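Contents: one structure, followed by commentary.
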There are 2 protein chains.
Amino acid sequence: MDEFVRCEEEVSNLETVKRVKDNLLNDEEIFDLAELFKVFGDSTRMKIINALMMEELCVCDIAEITNSTPSAISHQLRVLKQAKLVKYRKEGKSVFYSLDDDHVREIFEKGREHIEEV
Amino acid sequence: MDEFVRCEEEVSNLETVKRVKDNLLNDEEIFDLAELFKVFGDSTRMKIINALMMEELCVCDIAEITNSTPSAISHQLRVLKQAKLVKYRKEGKSVFYSLDDDHVREIFEKGREHIEEV
DNA sequence: TAAACATATGAACAATTATTCATATATTCA
DNA sequence: TGAATATATGAATAATTGTTCATATGTTTA
């Protein structure tokens, strides 16, 4: 991966590139971060998160709230679960989901602040 | 969209659904939020953001730092620009990009906190 | 002005992914 | 035990999207 067309390489450029490169998160951390935000990057999941910010909910209610099918919601809850954004507890036939920690809420809010400024 | 298989509807369920539904962000806000996070949800863009957190950089340097091509980076910078995550200034042949505001940094950091806890 | 360089952009292709449909699992209750 | 309900899951399809390649635009300098 080094046969690309490059800029003229002046000393300042090489130094800048090296300095920044050395301070980047490593590839795995970058990947994990991108994967995390990818989970937030879908309207259905965003709605689920928004709903769970208010209270614990079962799959069926989430489906109704989001105008979606229980099946679609179940698929999406699996994604949210894998990303540790939601947790669940079983009660009889139902499974109740809730937000896993406050980061979810905080990330949501930061995003909202950005949106509102634009 | 209302012919789905629904849960047994007890009074408590209907009330819960209504209460939550009434307090959801509207569809447009949800969509915009999802679109914003979608921008964070890509390793290349994540790396660009991470690099720009350190200093202003030209396209060519970003390409080198991220082991990518100037063309690919240019496409991604357009996405970041449209989301108001980066701004730019021209200087001669070069175009220097930098983070647009502190929300970017904050969202990045909140994401990192979440990752580290897992 | 022409050549060289930096960046941008459109089209095409490959890869990813959200939803749907069919079906499976698990729990309750008659 | 069997029927009904709630949730989960696998496969298929449709849509979205990141990169590449070719080329265009704009700037500097010889």
Side-chain angles (χ1 to χ4, degrees), chain A residues 1 3-10 12-13 16-17 30-31 34-35 37-49 56-83 86-97, chain B residues 1 3-10 12-13 16-17 30-31 34-48 56-83 86-97:
Chain A
M1 254 224 203
E3 347 60 32
F4 296 150
V5 181
R6 297 287 184 202
C7 330
E8 287 289 89
E9 293 182 355
E10 301 162 21
S12 73
N13 260 21
T16 299
V17 168
I30 290 287
F31 179 83
E35 288 302 301
F37 287 117
K38 206 172 282 182
V39 176
F40 283 88
D42 174 81
S43 290
T44 302
R45 287 192 295 265
M46 210 64 240
K47 253 193 197 172
I48 295 176
I49 290 171
E56 175 189 71
L57 292 165
C58 68
V59 177
C60 232
D61 284 354
I62 298 175
E64 199 150 327
I65 290 164
T66 59
N67 287 316
S68 190
T69 63
S71 174
I73 293 305
S74 186
H75 278 296
Q76 296 300 5
L77 284 169
R78 187 163 53 87
V79 176
L80 290 163
K81 215 188 315 174
Q82 282 168 348
V86 304
K87 60 191 180 202
Y88 65 96
R89 78 183 169 82
K90 300 187 179 182
E91 185 180 311
K93 283 176 290 183
S94 298
V95 180
F96 287 89
Y97 283 82
Chain B
M1 256 227 203
E3 346 63 29
F4 297 151
V5 181
R6 298 288 185 201
C7 331
E8 286 288 88
E9 293 183 356
E10 302 163 20
S12 73
N13 260 21
T16 298
V17 167
I30 290 287
F31 178 83
E35 288 301 301
L36 171 65
F37 287 117
K38 207 172 283 182
V39 176
F40 283 88
D42 174 82
S43 290
T44 302
R45 287 192 294 265
M46 213 61 240
K47 254 192 197 172
I48 296 175
E56 176 189 70
L57 292 165
C58 69
V59 177
C60 232
D61 284 355
I62 298 175
E64 199 150 327
I65 289 163
T66 59
N67 288 316
S68 190
T69 62
S71 174
I73 294 305
S74 185
H75 278 296
Q76 297 299 7
L77 284 168
R78 187 161 54 86
V79 176
L80 289 163
K81 214 188 314 174
Q82 281 169 347
V86 304
K87 60 190 181 201
Y88 64 95
R89 78 182 168 83
K90 299 186 180 182
E91 185 180 312
K93 282 176 290 184
S94 298
V95 180
F96 287 88
Y97 283 83

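Values in this document were obtained by computation on a predicted structure and should not be read as measured data. Any value given below was found using the heavy atoms of this structure, including those in side chains, with hydrogens, waters and symmetry copies removed.
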Contact check, side chains of [X] and [Y], non-hydrogen atoms, under 4.5 Å:
{"X": "Phe40(B)", "Y": "Arg45(B)", "result": "no"}
{"X": "Ile48(A)", "Y": "Leu57(A)", "result": "no"}
{"X": "Leu77(A)", "Y": "Ile62(A)", "result": "yes"}

I need the [atom1]-[atom2] distance between [X] and [N], as an integer number of Å.
{"X": "Ile73(B)", "N": "dT19(D)", "atom1": "CD1", "atom2": "P", "answer": "7 Å"}
{"X": "Gln82(B)", "N": "dG18(D)", "atom1": "CD", "atom2": "P", "answer": "11 Å"}
{"X": "Glu91(B)", "N": "dT7(C)", "atom1": "CD", "atom2": "P", "answer": "11 Å"}
{"X": "Lys38(B)", "N": "dA15(D)", "atom1": "NZ", "atom2": "P", "answer": "15 Å"}

**OP:** Tell me which nucleotide among dA18(C), dA8(D), dA6(C) gets nearest to the side chain of Val59(A).
**Re:** dA8(D)
**OP:** Check every atom of dT9(C), dT7(D), dA18(C) against the side chain of Pro70(A) and return the nucleotide holding the closest atom.
**Re:** dT7(D)
Under 4.0 angstrom between [X] side-chain N/O and [N] OP1 or OP2:
{"X": "Tyr88(B)", "N": "dA8(C)", "value": "no"}
{"X": "Thr69(B)", "N": "dT20(D)", "value": "yes"}
{"X": "Gln76(B)", "N": "dT17(D)", "value": "no"}
{"X": "Arg78(B)", "N": "dT7(C)", "value": "no"}

Original post:
Gln82(A): what forms a side-chain hydrogen bond (donor to acceptor under 3.5 Å, both in side chains) with it, not counting sequence neighbours?
Top reply: none
Original post:
NA contact type, Phe96(B), heavy-atom cut-off 4.0 Å: base, sugar-phosphate, or nothing?
Top reply: nothing
Nucleotide N/O of nucleotides 21-26 of chain C paired with protein N/O under 3.5 Å:
unit_1, atom_1, unit_2, atom_2, d
dC21(C), N4, Ser71(A), OG, 2.8

**OP:** Kindly compute the distance separating CD1 (Ile49(A)) from NZ (Lys47(A)), expressed to the nearest 0.5 Å.
**Re:** 13.5 Å
**OP:** Calculate, to the nearest 0.5 Å, the distance between atoms CD1 and CD belonging to Ile73(B) and Glu64(B) respectively.
**Re:** 11.5 Å
Original post:
Is the number of heavy atoms from other residues, nucleotides or ligands under 6.0 Å of Lys90(A) NZ greater than 12?
Top reply: no
